[in-house]
Amino acid sequence: MTASLRLAAAYDCGVAVTDPVSRLAAALTEIAGAPVVLERPGDADHGDYATNVALKLAPTQGRPPRDIAADLAAEALRRELVEAAEPAGPGFLNLHMSDTWLVAALGEILGVGESFGAGTAADPERIQVEMVSANPTGPLTVATARNAAYGDSIARLLSFAGHDVEREYYYNDAGTQMERFYASVEALRRGEEPPDDGYRGEYIAELASLPGDPVPPMLSRIEETLERFRIHFDTWVLQSDVESEIPEAIALLDTYEHDDAVWARTSAHGDDKDRVLIRSDGTPGYFAADAAYIRRKYAKGFDRLVYVLGADHHGYVGRLQALAEMLGHSRNSLEVLIYQLVHLVEAGEARKMSKRRGDVAFLDDLLDTIGVDAARWYLVSRSHDQTIELDVDLAKQRTQKNPVYYVQYAHARIAGILRKAAEEGIAVDLDAPGCALAREERDLVKRLLEFPVLAAEASERRIPHAIPTYAIRVADDFHRFYHQHRVLDSENQKFRLALCLATQQLVARCLDLIGVEAPEQM
RNA sequence: GCGCCCGUAGCUCAGUGGACAGAGCGGCGGACUUCUAAUCCGCGGGUCGGAGGUUCGAAUCCUCCCGGGCGCACCA
């Protein structure tokens, strides 16, 4: 791999990271007088860590980068921060760490245990993450599953970073879509076909066969699916509930009347154009409910409101932030996370999804065929900026090839070792190794040490897909180590057992952050 | 027309200024008497869509162009 893994970005992204690598970076920063970012070089000859700080400083200091690097190296050695340091290439500074340092670092990881990498938020906030929020006109689809997988992982990451997070589901129980939904169910109950613009599908027939309002059973089916998908919502909010608060909200906004309608002057707050609050027929539009809803969210005391929306809603960003601003909050405290859409492919052809036609891939069906772990992994392992093409047929075959099993297998393998160690009465108790650490051991420790900064960055930048990418690297390093070295009955048994335990905890943590299980055996 | 996202290996995708651009899948060839072979090792594979620009240094930043997706309501 190439050099570009950032290991210590604590100085420019507002997080408080205190792991061994970040402390090394901090010490070097003090010497250099400028932020030092450490990377892991791709080439083993380039040391354990490297920094380009001398290249950055060269223009302002008016000295050759290699000279600056040499001075830094000398001072770092004098302070015994590193085992060896030398300038290289155009002005990089390559650092070599001792086994002692790595063993101490591993000890530190085990010392903090489950919370390794946690609590990096410099300024913990109360954050509400609103996600999914599909209207209860039908079961959740594969398309909304991405919203759920992405949003929930964001929530888990924020929470891990130390924020106080609440998950909310907002849905509409009135409006055109719901009227069509009701009309469809009622038509079936009368023994008629659903209207042309109504909803079809088996689930409509099922709802029609039940007595009473079809919405509650529909909602509980949605909630069941979400729980199965390992997502729990703290609060469920009906649009009709917030509608009563529309007048109070509008009173706080910058409004005017035009063509018998009431408008919000959102264009004065960064939006493309003004938006209608009250239609000319006197009824409030959807945007008025949004205003009331946002006001209520802030009134509940949240510092930050996160919306998770599909790319088809990206036009909403400006108007929602305008509302936040008009209601007296920073526009940036209302954050809209946009993910690109999921396109279903079947037999090589695009499959159009329409709930009304009943031509949909439901999340439950996907979970039946590929399982929760593979589904969550798959949906969150791509960048949210990337459109996903999901081939439903292929997804079934692909399960065994999904990298999620590669990562889970690493966890299960370690569990096997630890089980056997426990059977033999061997306690995990880190001790200095009896001989020099092997390359695979050093690589694995360094990999584990990447986690705090990586998790902080994933959280700060809202990029949960960085977690599975990293987890594959961890599993990679572990499988290589495992293949090359015996743990039990080896010269370095104590060190290796400790290394295994730390790796297992970290793999489990990564999987948990994306809602995937860590199996004890496979 | 305007706005947002994307274009990296045959396929699916990592990589938001640094050293020869990476992984998985697929292809070919090797490795189980061991704590799990759902693993490991090797080989092949690239005009980073194109052209300019900024920089000591660009897949990464800027401009333009080409291609694809999604939006631009007194709908929700």
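A note on names: the letters A, B, ... follow the listed sequences, proteins ahead of strands, and every chain is numbered from 1.
Taking atom CG on A:Leu454 and atom P on B:G15, their separation rounds to 11 Å, with Å as the unit. Atom CG in A:Leu93 sits roughly 16 Å away from atom P in B:A19 (whole-Å rounding). Here the C1' atom of nucleotide B:C4 and the NE2 atom of A:His314 are 4 Å apart, to the nearest Å. Rounded to whole Å, the distance from NE2 on A:His384 to P on B:C4 is 15 Å. If you measure from atom CD of A:Glu39 to atom P of B:A19, you get 8 Å, rounded to the nearest angstrom. Look at OH on A:Tyr406: it is 23 Å from P on B:U12, rounded to the nearest Å. In this structure, CZ of A:Arg382 is placed 7 Å from P of B:A14, rounded to the nearest angstrom. In this entry the distance linking CZ of A:Arg275 with C1' of B:A73 reads 9 Å, nearest Å.
Taking side-chain N and O atoms only, A:Tyr339 has no distance below 4.0 Å to OP1 or OP2 of B:C70. Neither OP1 nor OP2 of B:C4 sits under 4.0 Å from any side-chain N or O of A:His313. Contact annotation: A:Arg279 reaches the phosphate of B:C75 (side-chain N/O to OP1 or OP2, under 4.0 Å). Put simply, A:Arg480 has a side-chain N or O that comes within less than 4.0 Å of OP1 or OP2 on B:C41. Within the 4.0 Å cut-off from OP1 or OP2 of B:C35, not a single side-chain nitrogen or oxygen of A:Gln493 is found.
For A:Lys401, whose side chain is taken as the heavy atoms from C-beta onward, the closest listed nucleotide among B:C74, B:G26, B:C35 is B:G26. In the set B:C5, B:C35, B:U39, the nucleotide with an atom closest to the side chain of A:Asp385 is B:C5. Of the candidate nucleotides B:C40, B:C35, B:G15, B:C35 has the atom nearest to the side chain of A:Arg486. Distances from the side chain of A:Ala88 to the nucleotides B:C35, B:C74, B:A19 place B:A19 closest. Checked against B:A19, B:C35, B:C6, the side chain of A:Gln386 finds its nearest nucleotide in B:C6. Out of B:U34, B:C74, B:A73, the shortest distance to the side chain of A:Lys273 is found at B:A73. Nearest nucleotide to the A:Lys56 side chain, out of B:A23, B:G18, B:C70: B:G18. Which of B:C35, B:C40, B:C74 sits closest to the side chain of A:His483 comes down to B:C40. Of the candidate nucleotides B:C35, B:A14, B:G3, B:C35 has the atom nearest to the side chain of A:Ile417.
For the atom pair CD (A:Glu491) and CZ (A:Arg486), the distance works out to 14.5 Å, reported to the nearest 0.5 Å.
The P atoms of B:C40 and B:U63 are separated by 43 Å, rounded to the nearest whole Å. If you take atom C1' in B:U39 and the same atom in B:A59, they sit 32 Å apart, rounded to whole Å. As rounded to the nearest Å, B:U60 and B:G15 have C1' atoms that lie 9 Å from one another. Annotation: B:A9 and B:G49 have their P atoms spaced 8 Å apart (nearest Å). Nucleotides B:U12 and B:A73, compared at atom P, are 33 Å apart to the nearest Å. For the C1' atom pair drawn from B:C56 and B:G17, the interatomic distance equals 12 Å after rounding to whole Å. Separating the C1' atom of B:G26 from that of B:G45 is a span of 12 Å, rounded to the nearest Å. Spacing between B:G50 and B:G67 at atom C1', rounded to whole Å, works out to 11 Å.
Among A:Asp373, A:Leu390, A:Leu366, A:Thr399, the one residue that satisfies the side-chain contact (heavy atoms from CB on, under 4.5 Å) test with A:Tyr378 is A:Leu390. Each of A:Arg442, A:Arg439, A:Arg40 was scored for a salt bridge (charged side-chain N to carboxylate O under 4.0 Å, His left out) with A:Asp48, with one residue passing: A:Arg442.
Among the protein residues, A:Ala311 comes within range of the sugar-phosphate backbone only, with heavy atoms under 4.0 Å from sugar or phosphate atoms but none that close to a base. Among the atoms of the strands shown, base atoms are found under 4.0 Å from some heavy atom of A:His485. Nucleic acid contact class of A:Tyr286 (heavy atoms, under 4.0 Å, all strands): base. Using a 4.0 Å heavy-atom distance criterion, A:Leu55 is classed as a base contact. Counting non-hydrogen atoms under 4.0 angstrom, A:Asp259 reaches a base of the nucleic acid. Within the nucleic acid shown, A:Phe287 has no heavy atom closer than 4.0 Å to any nucleic acid atom. Contacts of A:Ala410 with the nucleic acid, taken as non-hydrogen atoms under 4.0 Å apart, are absent. Within 4.0 Å of A:Leu488, counting heavy atoms only, lies at least one base atom of the nucleic acid. Among the atoms of the strands shown, none is found under 4.0 Å from any heavy atom of A:Ser381. Counting non-hydrogen atoms under 4.0 angstrom, A:Ala50 reaches a base of the nucleic acid.
Contact check for A:Asp213 versus A:Tyr182: side-chain heavy atoms found under the 4.5 Å cut-off. Under the 4.5 Å side-chain criterion, counting only non-hydrogen atoms from C-beta, A:Gln504 is in contact with A:Leu418. A heavy-atom distance below 4.5 Å is found between the side chains of A:Tyr256 and A:Arg265.
Contact of A:Asn94 with B:A19 (side chain to base): a donor-acceptor pair of N or O atoms is detected under 3.5 Å. A donor-acceptor contact under 3.5 Å links the side chain of A:Ser280 to the base of B:C74. Between the side chain of A:His343 and the base of B:G69, no donor-acceptor pair under 3.5 Å is found.
Under 3.5 Å, the side chains of A:Ser240 and A:Asp173 contain a donor-acceptor pair of N or O atoms.
B:A9 is unpaired under the Watson-Crick or G-U wobble criterion, no partner having all donor-acceptor distances under 3.5 Å. Within the shown strands, B:C43 is the pairing partner of B:G27 under the Watson-Crick or G-U definition, both distances less than 3.5 Å. Under the Watson-Crick or G-U wobble criterion, with both distances below 3.5 Å, B:C70 is paired with B:G3. Base pairing annotation: B:G57 forms no Watson-Crick or G-U wobble pair, as no partner gives both donor-acceptor distances under 3.5 Å. Nucleotide B:U33: unpaired (no Watson-Crick or G-U wobble partner with both distances less than 3.5 Å).
Per the stacking criterion (ring centres < 5.5 Å, plane angle < 30°), A:Phe92 stacks onto the base of B:A19. With centroids closer than 5.5 Å and planes inclined by less than 30 degrees as the test, A:His46 and the base of B:A19 pass as a stacked pair.
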Step by step, would you call A:Tyr406 with A:His479 a ring-ring contact (aromatic ring centres under 6.0 Å, His included)? CA-CA 9 Å; A:Tyr406 180 75; A:His479 285 310; 4.7 Å; yes

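Minimum interatomic distance between A:Ile338 and A:His384 (heavy atoms only, all atoms of both residues): O-CD2, 3.0 Å.
Of the possible polar contacts, none joining the A:Arg331 side chain to the A:Gly318 backbone as a donor-acceptor pair under 3.5 Å is found.
Glycosidic conformation, B:C64: anti, with the torsion outside 90° of 0.
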